[in-house]
Protein chains: 2
Amino acid sequence: MAIPRPGKPVRGSLSGTPVMAVFDLLGRRWAMGIIWNLSRGAASFRNLQTSCESISPSVLNSRLKDLREAGLIELTDDGYALTAIGEELFQLLKPFKEWSGKWADHIDQKN
Amino acid sequence: MAIPRPGKPVRGSLSGTPVMAVFDLLGRRWAMGIIWNLSRGAASFRNLQTSCESISPSVLNSRLKDLREAGLIELTDDGYALTAIGEELFQLLKPFKEWSGKWADHIDQKN
DNA sequence: TCTGGGTGCTACATTATCCGTAGCACCCAA
DNA sequence: TTGGGTGCTACGGATAATGTAGCACCCAGA
């Protein structure tokens with residue numbers, strides 16, 4: 001699948017705004033999980049495969065390609081790593097961890 | 001598809017942590033876009049359908065069900081609306097807009 | 001040099017998910 | 001009671017994800 005570019009939504013997004021292109025890119029399986037994993041440092045293909053338990057290599061490869069073409073990750077001597085702007089994106093993802101705790105509590109309450 | 005619950009990943013996520021359950025839920029088409037749209041206030045089914053240009057009603061319905069079961073949105077007299085915790089999640093999504101601008105510039109530079 | 005094991009990735013069939021369109025039930029106003 | 005708007009479901013085809021197998025490459029040891 002083609003890579004969504006800001007202003008040129010591929011998958012049919014809301015209005016073609018850059019933020020929707022982001023949602024388009026991140027709204028794919030494993031995309032955010034991969035970024036999350038790479039935040040701890042560069043990782044090899046195999047390494048990512050094991051930390052993303054059940055991802056198949058073909059999808060991992062495809063997602064890595066997406067993220068690389070989007071400029072969020074790059075292939076270094078140490079393996080795949082976040083780029084500067086990818087790291088910035090991770091900083092936005094970071095607060096999700098705390099929120100998810102609240103969310104979990106909220107759901108537990110209901111059950 | 002079953003709803004991912006914190007601690008009980010459905011689709012096979014990294015490690016079953018709550019944050020991965022979030023990524024599992026949001027890593028579906030339109031999920032973040034719907035939340036983004038609802039941040040401007042409650043919206044009807046039709047309303048969402050038009051603001052999410054090319055979403056099909058069946059997928060929209062499915063996503064709304066996902067988000068409702070996850071407790072992020074609810075059906076009010078005014079239509080679908082963010083819950084309190086859904087609104088909190090939107091606050092985390094908000095900074096993506098600014099970042100996406102940077103990202104767009106970054107990509108333009110490369111081309 | 002020739003195993004043998006680790007790594008990165010591809011191929012392919014199966015399954016799940018998404019999309020597009022049609023259409024039904026409901027409400028309300030004319 | 002007809003017509004139009006709204007909320008949603010059904011279904012067939014397209015697209016994406018999964019699971020498994022396996023190939024090419026490198027390097028270490030015999």
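All of these numbers come straight from a predicted model, not from anything done at the bench. Order of the sequence lines fixes the chain letters, A, B, ..., with proteins taken first and strands second; residue numbering starts at 1 for each chain.
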Gap between atoms [atom1] and [atom2], on [X] and [N] respectively (whole Å):
{"X": "Ile55(A)", "N": "dT15(C)", "atom1": "CD1", "atom2": "P", "value": "21 Å"}
{"X": "Tyr80(A)", "N": "dC9(C)", "atom1": "OH", "atom2": "P", "value": "4 Å"}
{"X": "Arg29(A)", "N": "dT15(D)", "atom1": "CZ", "atom2": "P", "value": "17 Å"}
{"X": "Leu48(B)", "N": "dT6(D)", "atom1": "CG", "atom2": "C1'", "value": "13 Å"}
{"X": "Gln49(A)", "N": "dG8(C)", "atom1": "CD", "atom2": "P", "value": "9 Å"}
{"X": "Asp24(A)", "N": "dC19(C)", "atom1": "CG", "atom2": "P", "value": "10 Å"}
{"X": "Asn47(A)", "N": "dG8(C)", "atom1": "CG", "atom2": "P", "value": "8 Å"}
{"X": "Leu60(B)", "N": "dC8(D)", "atom1": "CG", "atom2": "P", "value": "9 Å"}

### Query
So which one's nearest nucleotide on DNA chain D is more toward 5', Pro57(B) or Arg46(B)?
Arg46(B)
### Under 3.5 Å donor-acceptor, Ser62(A) side chain and Ser58(A) backbone
no
### Task
Using atom types as modelled and distance alone, determine if a side-chain donor or acceptor of Arg63(A) lies under 3.5 Å from a backbone N or O of Arg29(A).
yes
### Task
Report yes if at least one side-chain N or O of Trp30(B) is closer than 4.0 Å to OP1 or OP2 of dC18(C); otherwise report no.
no
### Message
Check the phosphate of dC18(C) against Arg63(B), side-chain N and O only, distance under 4.0 Å to OP1 or OP2. Yes or no?
### Response
yes
### Minimum side-chain heavy-atom gap Leu72(B)-Trp103(A) below 4.5 Å
yes
### Query
How do Ser58(B) and Phe45(A) order along DNA chain C: which one's closest nucleotide is nearer the 5' end?
Phe45(A)
### Query
Is a salt bridge present between Lys102(A) and Glu88(B), judged by a nitrogen-to-oxygen distance below 4.0 Å?
yes
#### Entry: Plane angle bin for Phe23(B) and Trp36(A) - parallel if under 30°, tilted between 30 and 60°, otherwise perpendicular
perpendicular
### Query
What nucleotide, of dT18(D), dC19(C), dG8(C), holds the atom closest to the side chain of Val59(A)?
dT18(D)
### Query
What about Ser44(A): does its side chain form a donor-acceptor pair under 3.5 Å with the base of dG8(C)?
no
